[in-house]
Novice: 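Take a look at the following structure, please.
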2 protein chains.
Amino acid sequence: MLTLELPPGTALSENELATALQVSRTPVRESLILLAEEGLVQVFPQIGSFVSRVDPAQVADAQFLREAVELAALEDLPGELDAGVVARLRANLDEQAVADLDREAFFALDEAFHQGVLELSGHGRTWSTVLSAKGHLDRARRLGLSGTETQAQRIAEHGEVLSAVLDGDVERARAAMRVHLRAVFDDVERIQQRSPELFAGPSTAGPVRRNVVIWA
Amino acid sequence: MLTLELPPGTALSENELATALQVSRTPVRESLILLAEEGLVQVFPQIGSFVSRVDPAQVADAQFLREAVELAALEDLPGELDAGVVARLRANLDEQAVADLDREAFFALDEAFHQGVLELSGHGRTWSTVLSAKGHLDRARRLGLSGTETQAQRIAEHGEVLSAVLDGDVERARAAMRVHLRAVFDDVERIQQRSPELFAGPSTAGPVRRNVVIWA
DNA sequence: CTTCCAGTACTGCCATACAAGCAGGTGTCG
DNA sequence: CGACACCTGCTTGTATGGCAGTACTGGAAG
C-alpha cells in the first residue's frame, strides 16, 4: 500500500505520478478513477486531473447523510448490547482521554468510535458507505487543527453518547449524537472561514462521463 | 452509453466483454472496477470476475440506509415547497397511474419520485450516494416481476406520501414513507423465497485489495 | 504596444503486448 | 485402478506505444 498526501488544488499528472511512484500509468489511472468516484479528484478529459478543493455542498451532503444514518441506527439498538463491542468502545474512550493526542490519532479513534456505535445496532457494514461519501467532510476536518480544547469537548460528547447508549436511553443517545455531529459540522465551518483557499466556490463539481457501462 | 444485462453468477471475462463490445480491455476493465466498487461484480485476481449474486445482507444495508436518509429528509422539508418539483412529482404520479406499465418504466418512475421527494428538502444530491449503495436492492427488485396488484399498491403509497408532504404534515409523511419502504423490502424477501438461486449464501463478499492508493 | 495566429508540448484516452498466477485436464507412474 | 505431477489454457495485473484534443507560448502583423 502506497499513500500520497497532497493539498487541494494540486494538479495531478498521470505521468508524473507514475514516475514518482515507480509504476506504470495504468494502476495510477485506475486509482484516479476511484478517487474521482469519491469526488476527491476531478478529471477533465484532455486537460488534466486535480485534487478537488473541498466542496462545501458535498460537506453538507455528507453531514446530512451521516447524521441520518447514525441517528437511525440508534433507534435499532438491541435490548442486549454486544459485550465485545462495548468493551472496545470503552477502551477507545480511554485512549481518547490521553493528554497529548496528535490530530491523526484522534481522528482514527473518532472514526472507530462511530463505527463501533453503528455495529452495536447491527449496521456496522453501512459504515463503509458513509465513509465513501464522507471524503470531503473528513478532509475538511483534517485540514483544520482542532485545538485541544475543542478536542476535549468532542471527547466529552462521545462519552455522553456512550453513556446514554449503555443506559438504554435511545432518545438521550440520539440527542447527544445530534449535538455532537452538529458540533463537528460547526468546526468545519470555522475551518472554512479561516482557510477559504482550500474550499471551492459554488458548484464546481463536474459530471463524470463514462462511455462503456456494463449493467448486471 | 452501452448497457449489458447479465444474470447473477455469470462469469465475466475481460477479453470476452472487450470483443463483444468492440472495444479494448482497458475501458472494460475500468468499468468493472467501478462495478466492483459498488459490489455488483466480484473480481478475483488471476481467477476471474463474476456478476455477484444478490447479497441479502447488502440488500438489508441498502434498505436501512435508504430509509434513514429518506425519512430524515422529510424532517427538513421547507415551509414553502419548490413549485417546479411539486409539479414534476404530480406528473410523475399521473404517469404511474397508466394501466399497463412495464416493470422497467415503473421502476424509472419510482426512482424519479423518490429523488424528487429528496429534492424538496434540498437533499437531492444525496440521492446519488443512496443509489450507489442501492445496487443490490434494485437488482433484487428488478428480478422479481412485481405483479400489477402490488404495483398498484406501491403507487397508492406514493400518493399518500406526496399528499402528506403537500399538507405539510411531516409525521404523516414519515409514517407513509416508512410503510412504503418496508413494503418494498418485503417484496424483495418474497422474491428471495421464490428465486433463491439468484441470491448469495452468507458472507461471500471478499475484500478488494488495491495496490496503489493516492490519498488527497 | 496590442492582438491574433500558429506551432508546440502537454494532457488524458485507448489499444496492444507482456508478465504472473491459478485451475483443470492429461499423462504417467506406483 | 488410483494418485500424483506436469502442462496447457485461461484469468487478471502491469507496462508501453500511439492517438486525439486542449492550453500555452512565441512570433508576426496591425
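Chain A is the first sequence line, chain B the second, and so forth, proteins listed ahead of strands; every chain is numbered from 1.
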Novice: From CG of A:L21 over to P of D:dA15, roughly how many Å is that when rounded to an integer?
Specialist: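 After rounding, the gap between these two atoms is 11 Å.
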Novice: Please give, in whole Å, the distance from D:dT14 P to A:L17 CG?
Specialist: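 Taking atom P of D:dT14 as the reference, CG of A:L17 is at 16 Å.
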Novice: Using whole Å, what does the distance between atom C1' of nucleotide C:dC10 and atom CZ of A:F50 come to?
Specialist: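 After rounding, the gap between these two atoms is 12 Å.
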Novice: Specify the separation, in whole Å, of atom CG of A:N15 and atom C1' of C:dC10.
Specialist: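 Those two atoms, CG and C1', are 9 Å apart.
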Novice: Checking contacts here: which listed nucleotide (D:dT14, C:dT11, D:dG13) is nearest the side-chain heavy atoms of A:T26?
Specialist: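 Within the option list, the nearest is D:dT14.
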Novice: Could you give the CD-to-C1' distance, from A:E14 to C:dG12, as a whole number of Å?
Specialist: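 It works out to 5 Å between those atoms.
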Novice: So, taking the atom named NE2 in A:H114 and the one named CG in A:L131, what distance separates them when rounded to the nearest 0.5 Å?
Specialist: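 Answer for the NE2-CG pair, A:H114 versus A:L131, is 11.5 Å.
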Novice: Using a cut-off of strictly less than 4.0 Å, decide whether B:S13 has a side-chain nitrogen or oxygen near OP1 or OP2 of D:dT11.
Specialist: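 The answer is yes; a side-chain N or O of B:S13 sits under 4.0 Å from OP1 or OP2.
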Novice: Please state how far atom CD in A:E30 lies from atom P in C:dG12, giving the value in whole angstrom units.
Specialist: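 Whole-Å distance recorded here is 15 Å.
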Novice: In a check of side chain to side chain donor-acceptor pair (under 3.5 Å) between A:N92 and each of A:Q96, A:E95, A:R90, A:R88, which one passes?
Specialist: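 So, applying the side chain to side chain donor-acceptor pair (under 3.5 Å) to A:N92 and each of A:Q96, A:E95, A:R90, A:R88, only A:Q96 qualifies.
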Novice: Which nucleotide sits closest to the side chain of A:V23: D:dA15, D:dA23, C:dG12?
Specialist: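 Nearest to the side-chain atoms of A:V23, counting from C-beta on, is D:dA15.
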Novice: Taking only side-chain N and O atoms of B:S49, does any of them lie within less than 4.0 angstrom of OP1 or OP2 on D:dT12?
Specialist: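 Checking B:S49 against D:dT12: at least one side-chain N or O falls below 4.0 Å of OP1 or OP2.
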Novice: Taking B:R178 first and then B:E157, would you say they form a salt bridge - that is, a charged N and a carboxylate O separated by under 4.0 Å?
Specialist: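 Not counted as a salt bridge, because no side-chain N and carboxylate O are separated by less than 4.0 Å.
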Novice: Picking from C:dA15, D:dG18, D:dT12, which would you name as closest to the side chain of A:R25?
Specialist: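 The closest nucleotide is D:dG18.
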Novice: Can you check the A:I47 CD1 to C:dC13 C1' distance for me, whole Å?
Specialist: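 So the two atoms are 14 Å apart, to the nearest Å.
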Novice: Quick one: A:R29 CZ to C:dG12 P, roughly how many Å, whole number?
Specialist: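 It is 9 Å, rounded to the nearest whole Å.
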Novice: Tell me whether A:E67 is salt-bridged to A:R182, with the criterion being a basic N under 4.0 Å from an acidic carboxylate O.
Specialist: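 Yes, charged N to carboxylate O under 4.0 Å.
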Novice: Report yes if a donor N or O on one partner sits less than 3.5 Å from an acceptor N or O on the other, where the partners are the side chain of A:Q46 and the base of D:dT22; otherwise report no.
Specialist: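 No, the side chain and the base share no sub-3.5 Å donor-acceptor pair.
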Novice: Any salt bridge linking B:D55 with B:R139? Criterion: basic side-chain nitrogen under 4.0 Å from a carboxylate oxygen.
Specialist: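 Looking at B:R139 together with B:D55, the answer is no, because their closest N to O distance does not fall below 4.0 Å.
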